[in-house]
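What follows is a single structure, written as structure tokens, with notes after it.
Chain letters run A, B, ... following the sequence lines, proteins first and then strands; every chain starts at 1. Only heavy atoms go into these numbers, but all of them, side chains included; no hydrogens, no water, no symmetry mates.
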Amino acid sequence: MANYVRNNAWNNGGDFSNPDLLWYAKGIGKMMSRALNDQASWWFYAAIHGEYVNPRTAWYPDPPQFPAWRFITSPPKVPPSPLPDQATLDLYWNQCQHGTWYFFPWHRGYLIALEAQLRQDIVSLGGPANWALPYWSYFGGTNQYQMPPAFREKRLPDGSANALYVAMRYGPDADGNIYVPTPAGKAAHPGDPNFPYGAVTDNSMKNNLFTGTNSATPPPGFGGPETGFAHFGETHGNFESNPHDLVHVYVGGGISNTKFGLMADPGTAALDPIFYLHHCNIDRMWAVWNTSGNSNPNDPNWLNGPTQQFVMPTPGGQAWYYTPGQVADLSLLDYTYEELPTQPSPAAPILAQRLATLGASAAEQEKAKSIPAMRALPTQTELLGASAGSLRLGETGIHTSVKLDTGVRRKAVANLAMASATALPDKAFLKLENVRGTFDATVLEVYANVPNNEEREDGGKLLVGDVALFGLRRASVKDGQHAGEGLTFILDITHIIDELHVAKALDRDSLEVSIVPNRVLPGEAGIQVGRISIYRQAF
Amino acid sequence: MTYNAREYAQFRNWVFLLSLVAWIVILLKPGHSSCCVSRRSLESLLALTSEIRLSRDWGLMLIAMMAPTLVPVLYHIRISSFVRRRARSIALFALGYGAVWIAAGSIMVPIELGAAWWRAPDSYVPAATVAVVALAWQGSPFKQRCLNRTHSHRAIAAFGIAADWDLFRMGLAHGLWCTGSCWAVMLFPMLLPDGHFIAMVAVGILMFCERLDPPKTPAWRWRGFGTASRYLRLRVCGPRSCPVLFTFGAHA
């Protein structure tokens with residue numbers, strides 16, 4: 001039986017009448033009182049995720065400016081020194097795993113270690129011995145897409161400073177109103193121009209493959225691609241992309257290239273206490289995905305972790321080395337969650353719906369309802385089309401043409417025309433390759449433009465998806481961990497291809513694509529896209 | 001479209017097989033140290049420097065020693081290209097890459113020849129001199145910068161002449177960074193009066209292992225076997241396990 005229960009941060013209205021949040025604030029306050037090089041300090045733990053405090057790293061801003069830690073507007077007042085010794089730096093700091101199948105287990109161990117340190121400090125302050133990290137359930141009840149009120153208070157009930165309050169936290173509208181634009185948030189504000197997004201979803205929970213791709217799981221998989229040690233890999237997993245990255249960027253928000261929220265950049269995100277509530281929810285949703293019948297990898301390369309092992313400090317001062325296998329299942333650990341619902345399987349088979357859209361016979365549609373086609377592996381994945389040359393996003397985005405290869409396109413058209421319950425229709429994906437820049441606090445909306453759009457309400461612009469540029473700066477540093485080639489995003493455009501096919505508009509030379517930032521980009525943002533490509537996935 | 005573990009492994013194994021074949025050809029070639037000159041007559045030395053011989057021997061050397069280090073970028077080219085032109089894309093990359101190394105060979109072989117004429121019989125002085133330089137280069141931030149660039153997998157054009165030129169240029173760029181990284185260790189076995197094949201194998205292993213390391217901030221530090229040694233440790237000893245996991249903090 002678990003010793004600790006992580007509760008919903010919105011209990012008791014999400015303010016300081018919730019003891020989990022009150023003691024969280026007090027515990028953080030104690031951790032913040034320690035020096036940067038103290039392994040039990042808030043700052044040290046934040047640097048484990050990522051930092052801009054060591055000027056000898058390749059990603060330290062040149063010339064020195066925000067997001068370097070000494071330029072952060074307090075609170076919190078972040079100490080820029082003293083740095084730990086080099087051996088300690090090399091062992092612990094800049095470890096966070098992104099764009100990798102280690103994303104979930106690394107962050108689980110990170111939370112366990114931080115929670116242990118906080119608990120020790122909380123107990124020393126007279127708090128409960130069974131305290132556990134709360135989670136922000138932004139997909140939960142009526143108002144839970146909003147940040148719990150305790151985080152916007154500058155003072156605790158006793159008048160002391162509230163460590164949960166952070167000055168550099170701007171929100172999706174850059175006005176200090178912090179919320180996650182989930183479908184519930186949008187539904188609660190019909191016609192409100194401040195809720196234009198509704199792009200943060202838990203749709204990836206319908207994936208059924210942890211790494212890789214199948215007929216129900218777009219690449220690179222629910223949990224991310226197979227990699228080695230990846231402090232910022234190239235392509236984020238499906239769940240990491242949405243909701244994880246979007247929550248980071250929306251909560252952090254941004255005003256300019258030198259003034260954005262701490263949550264928006266992985267090198268500052270863990271300084272913001274809301275980070276750990278966000279990741280607690282991420283961890284909880286991983287557990288829900290597992291309890292709903294989905295398996296983690298049993299590949300030894302995942303279970304044993306990468307060659308550079310994950311390591312965390314502990315309250316006792318020893319280093320804790322851990323592997324994904326050791327933290328893969330909550331039943332192996334000493335905590336659980338207040339809510340761990342099992343999610344139901346999709347009500348209607350996706351294949352049957354697609355066959356209906358594509359005009360397959362009623363008999364095939366009926367047959368499809370009974371066929372378990374949800375785990376079919378692709379037989380071939382091939383390039384279908386690509387844009388020419390590098391694209392630079394202007395202040396309001398860009399519109400471009402993605403040229404389609406004639407031969408591959410005709411294969412796709414023929415396949416869709418013959419789609420049946422046994423001859424599965426192609427899927428299609430759009431890839432934004434090598435996105436580089438410095439303004440992480442950006443969400444890009446990607447649209448495909450359909451022809452003959454005069455009568456359409458949407459003006460012929462079909463939303464492909466949204467991508468958050470969380471980690472962009474660090475991925476664009478030439479001598480950083482990713483050789484400076486930026487981030488790559490994959491979006492499912494199967495529904496677009498289906499619509500074009502039904503409209504007899506797929507057999508054309510190109511697809512028009514628009515990329516629109518969530519707000520006017522600052523002039524110095526300099527966001528480039530190396531290539532927009534479209535891939536066909538045959539089954 | 002993305003890294004697919006199974007497909008990557010299949011692709012990697014083919015490249016490794018090609019490399020192995022090249023090693024065997026080098027080993028079995030008459031005077032298999034043809035990439036590396038030992039004491040020879042003037043006539044054989046001059047024959048060695050013929051363009052055809054140089055190109056062939058360097059080509060073999062590239063396939064044997066360099067191909068395994070190029071698996072990641074070659075796979076990137078493969079998944080970024082139309083199926084119908086994957087072979088062409090890889091060939092154009094190889095052409096650009098090989099051109100840089102041929103150019104490098106046109107400098108390194110004369111150095112080898114010059115050393116062969118200058119040194120005393122069976123002298124290790126030239127090789128030892130280069131070994132010292134190679135060690136210093138190996139630990140330098142300049143080497144790290146070159147190594148970092150070899151991890152670059154940028155977007156490439158997909159159609160027509162633009163794609164051809166892009167891939168050739170990519171090959172040139174990777175060849176440049178590769179020679180920048182490896183020139184010193186490549187010269188070392190060429191100057192050995194004896195044992196050059198074994199030295200080539202050792203250098204090949206070093207170059208492969210150092211490519212396993214992720215890009216790092218350029219600095220003076222020893223590099224080369226970090227990831228490889230951790231990999232071996234993990235396979236032989238298993239991951240480190242710590243019993244402290246469940247004794248954190250106070251319990252309810």
Side-chain angles (χ1 to χ4, degrees), chain A residues 3-4 56-58 112-113 115-116 119-120 123 129-130 212 219-220 225-229 231 235 304-305 307-309 314-316 318-323 326 334 381-383 385-386 388-390 403 405 407-408 429 431 433-434 478-485 490 530-531 533 535 537, chain B residues 1-8 79-86 141 144-145 147-160 162-163 166 212-219 221 226-235 238-252:
Chain A
N3 289 307
Y4 307 106
R56 292 191 297 274
T57 58
I112 289 172
E115 184 181 61
R119 187 180 296 121
Q120 183 180 68
V123 168
N130 65 345
E226 181 175 340
T227 70
F229 186 95
H231 179 60
T235 308
N304 291 329
T307 54
Q308 180 178 341
Q309 264 199 273
T314 65
Q318 281 179 276
W320 170 44
Y321 291 90
Y322 65 100
T323 67
Q326 291 174 321
D334 62 350
T381 301
E382 62 174 319
L383 184 65
S390 175
K403 184 179 175 185
D405 180 82
V408 183
F429 299 94
K431 196 173 169 189
E433 300 181 31
N434 303 100
K478 278 275 181 236
D479 288 312
Q481 299 246 345
H482 192 51
E485 290 302 344
I490 299 174
R531 185 175 90 165
S533 51
Y535 283 79
Q537 194 178 59
Chain B
M1 165 174 22
T2 60
Y3 174 90
N4 174 304
R6 179 173 295 179
E7 183 184 281
Y8 184 88
I79 63 175
S80 300
S81 303
F82 291 112
V83 170
R84 57 181 168 73
R85 58 164 295 143
R86 280 176 176 172
Q144 184 67 63
R145 195 153 278 135
L147 264 180
N148 289 345
R149 301 293 184 273
T150 62
H151 289 269
S152 167
H153 300 161
R154 62 174 179 80
I156 50 181
F159 293 93
D166 213 11
L212 298 178
D213 292 342
K216 283 186 181 342
T217 303
R221 68 164 70 89
T227 301
S229 59
R230 283 192 291 266
Y231 177 84
L232 281 174
R233 185 187 185 285
L234 193 66
R235 288 295 172 268
R240 285 189 230 213
S241 62
C242 295
V244 297
L245 174 60
F246 298 110
T247 62
F248 288 175
H251 288 221

*Would you say the side-chain atoms of A:R56 pair up with the backbone N or O of B:A219, donor to acceptor, closer than 3.5 Å?*
no

*Contacting region of B:L212 [heavy-atom separation from chain A under 4.5 Å]*: neither

_What's the separation between atom CZ in B:R6 and atom CD in A:E226, rounded to the nearest 0.5 Å?_
11.0 Å

*asked:* I'd like to know if the side chain of A:N434 and the backbone of B:H153 have a donor-acceptor N/O pair within less than 3.5 Å.
replied: yes

*Got a donor-acceptor contact below 3.5 angstrom from the B:S152 side chain to the A:A483 backbone?*
no

_Top contributor to chain B contacts, counting heavy-atom pairs under 4.5 Å, from A:N304, A:T235, A:T57, A:D405_ = A:D405

_Quick check: do B:P214 and A:H231 have side-chain heavy atoms less than 4.5 Å from each other?_
no

_Region of A:E485 that comes under 4.5 Å of a non-hydrogen atom in chain B_ = side chain

*asked:* Suppose we screen for ring-ring contact (aromatic ring centres under 6.0 Å, His included). Which residues come up paired with B:Y8, at least two apart in sequence or across chains?
replied: B:Y3, B:Y75

*Hey, what do you get for CZ (A:F229) to OG1 (B:T227), rounding to the nearest 0.5 Å?*
10.0 Å

*Side chain from CB out, backbone as N, CA, C, O: work out which of these in B:S229 comes under 4.5 Å of a heavy atom of chain A, or both, or neither.*
neither

*When only pairs under 4.5 Å are counted, which of A:E433, A:E115, A:Q308 shares the most heavy-atom pairs with chain B?*
A:Q308

*Which residues pass the side-chain hydrogen bond (donor to acceptor under 3.5 Å, both in side chains) test with B:R149, sequence neighbours left out?*
A:D479

